[in-house]
Amino acid sequence: MTIHKFLDLGSQPIANGFLNQEDFEKEFFFNLGLGLDEDTCLVTQTEYVTPEKMFNDSYAYRGSLSKTMRNHFLHTKLTLSPYLPSHPKVLEIGSNDGVFVKNWNKETTVAVEPCSNFAQETNDMGYKTYPEFWTSELASQIKEENGSMDLVYAANCMCHIPNLHETFLAVKKVLSSDGLFVFEDPSLAHMINLNSYDQIYDEHAHIFSVTALSNLLEQSGLTIIRVDSLSVHGGSNRIWATHSESSRKVHKSVEDNLSFEKLLGLDSLSIYERFRDKVLDSRYDLTSLLCRCADNNKKVISYGATSKSTTIFNYCGIGPDLIHHITDTTPEKQGKYSPGVHIPIVAPGGPIEPSVDFAFLGAWNFAEEIKEKEEDFTSRGGLFITHAPVVHFV
Ligand code: JHZ
């Protein structure tokens with residue numbers, strides 16, 4: 001790998017490491033940087049955080065808390081089913097709280113989840129869950145115990161794994177001869193177009209382009225046969241891959257995406273250098289806006305204690321002096337403080353309280369769902385603030 005670093009987001013904590021006051025002193029930080037690998041076009045971090053520091057028995061993110069995501073995973077099942085045998089064997093890697101697996105048959109579905117709090121939950125739901133990281137050894141064990149899989153699925157998980165070659169080889173090992181390997185993660189093209197630099201945090205070891213994935217999967221004996229553009233998580237790609245020797249037809253969307261990315265220039269450094277300049281502008285605009293709010297005694301909160309907002313707040317130096325508190329529906333985050341800048345996180349006690357003037361959308365990817373829920377806030381003149389694609393009121 002020959003990595004050209006193009007972005008430095010400074011010293012950052014564990015993005016989902018919500019903490020208690022007594023743990024402030026021992027908080028872990030690392031340098032968050034992004035670079036382009038000139039061999040594969042992979043956009044990847046310049047320093048990976050040890051997986052166990054991020055994914056452990058106190059992991060806080062729950063995929064099932066938003067209606068958008070619950071519907072998305074049900075729809076994913078309906079999309080994939082026509083391309084699978086009538087009683088498919090399904091494996092999910094990174095099953096979180098079971099928001100995807102719960103749509104599939106318990107007898108023929110297995111899951112892998114290294115965060116043991118969630119592995120326990122899906123086991124209790126009746127889905128056999130291996131509480132481990134995805135490795136070649138685990139792939140062999142799963143194949144021996146359950147046979148080959150018709151579908152290997154992963155949502156927002158592949159981009160979390162530093163060593164992709166080993167990961168993809170392990171998938172190939174467990175995939176049936178005509179099986180599908182389907183995974184979805186935030187799209188690099190969307191991140192660049194939306195200036196959503198907050199997609200970059202410890203867990204996202206890579207931000208995927210179809211170009212890079214095509215190169216990497218081919219090196220592991222897998223071929224992309226279809227790409228779906230998804231609106232979830234600020235714009236994601238769902239990649240469908242299979243054994244390179246399979247006779248499954250390659251869909252037109254593969255070539256369309258590769259050509260689009262070539263046109264955009266995702267294979268050369270200059271687009272990333274322009275992106276870096278826009279990230280700097282975004283920091284200036286957001287901090288200026290929040291300082292003006294503070295100078296005018298406006299109360300600003302943040303909506304959604306997201307991993308993404310950890311990046312923004314730490315990169316921009318935004319703390320409790322500018323954001324009064326963060327509201328979040330996740331029980332595991334409530335009563336704690338946000339990583340690095342230590343803004344208190346509170347449970348929403350109903351709609352946004354009348355004393356609040358502005359709410360920064362930490363969960364901007366759920367803007368529609370949130371605006372629908374918080375109609376009272378906007379109808380009494382409250383405004384949301386977002387940074388993507390430029391800092392503005394919504
Ligand atoms: P959300 C996580 O990122 C981490 P985050 C992970 N690495 C990843 O890849 C993506 O997810 C997929 C709350 N909320 O999904 C719930 C409300 O409070 O943008 C969540 O804590 N009220 C696995 O953390 C957060 O916002 C609401 O009405 O950036 C949303 O987190 C809604 C809709 C959400 O992921």
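Worth saying up front: this structure is predicted, and the values here are computed from it rather than measured. For ligands, and for the atoms within them, numbers begin at 1 and follow the listed sequence.
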Does any non-hydrogen side-chain atom of Leu42 lie less than 4.5 Å from one of Phe208? yes

What protein heavy atom is closest to atom 31 (O) of ligand 1, reported as residue, atom name and distance in Å? Thr306 CG2, 3.5 Å

Ligand 1 contact on Thr330 by region, counting heavy-atom pairs under 4.0 Å: side chain

Counting heavy atoms only, which of Asp202, Thr329, Thr68, Asn365 comes nearest to atom 18 (O) of ligand 1? Thr329

Give the atoms of ligand 1, by number and element, whose distance to some non-hydrogen atom of Phe366 is under 4.0 Å. 1 (P), 15 (O), 19 (O), 30 (C), 33 (C)

Part of Asp328 within contact of ligand 1 (heavy atoms, under 4.0 Å): both

Among Trp364, Tyr61, Tyr201, Phe18, closest by any non-hydrogen atom to atom 8 (C) of ligand 1: Tyr201

Considering only heavy atoms of Gly304, which atoms of ligand 1 have at least one such atom less than 4.0 Å away? 26 (O)

A side-chain contact here means heavy atoms from C-beta on lying under 4.5 Å apart; do Phe384 and Trp364 qualify? no

Just heavy atoms, cut-off under 4.0 Å: does Met69 contact ligand 1 by side chain, backbone, both, or neither? neither

Do Lys53 and Phe28 meet the cation-pi criteria used here (NZ or CZ under 6.0 Å from the six-membered ring centre, within 45° of the axis)? yes

Quick check on His204 - does any of its heavy atoms sit under 4.0 Å from an atom of ligand 1? yes

Going only through I, L, V, M, F, W and Y residues with side-chain contacts under 4.5 Å, is there a path from Ile271 to Ile200? yes

Parallel, tilted or perpendicular: rings of Tyr153 and Phe100 (30°, 60°): parallel

Would you mind telling me if ligand 1 is within reach of the side chain of Lys308, the backbone, both or neither, using heavy atoms under 4.0 Å? both

Ligand-residue contact atoms, ligand 1 with Glu369, heavy atoms, under 4.0 Å: 33 (C)

Taking the side chain as C-beta and beyond, is there a heavy-atom pair between Glu353 and Lys299 under 4.5 Å? yes

Does Pro186 reach the side chain of His204, with side-chain heavy atoms less than 4.5 Å apart? yes

Students often mix this up, so state it plainly: with edges at 30° and 60°, are the rings of Tyr59 and Phe55 parallel, tilted or perpendicular? tilted

Any heavy atom of Lys67 sitting closer than 4.0 Å to ligand 1? no

Within less than 4.0 angstrom of ligand 1, does Tyr59 place any heavy atom? yes

If the cut-off is 4.0 Å to any non-hydrogen atom of Glu203, which atoms of ligand 1 fall inside it? 4 (C), 6 (C), 7 (N), 23 (C)

Sub-4.5 Å side-chain heavy-atom contact between Tyr272 and Leu266: yes

Ring geometry between Phe360 and Phe313 (parallel below 30°, tilted from 30 to 60°, perpendicular above 60°): tilted

Against heavy atoms of Ile370, which atoms of ligand 1 measure under 4.0 Å? 28 (O)

For atom 27 (C) of ligand 1, which protein heavy atom lies nearest, and how many Å away is it? Lys373 NZ, 3.4 Å

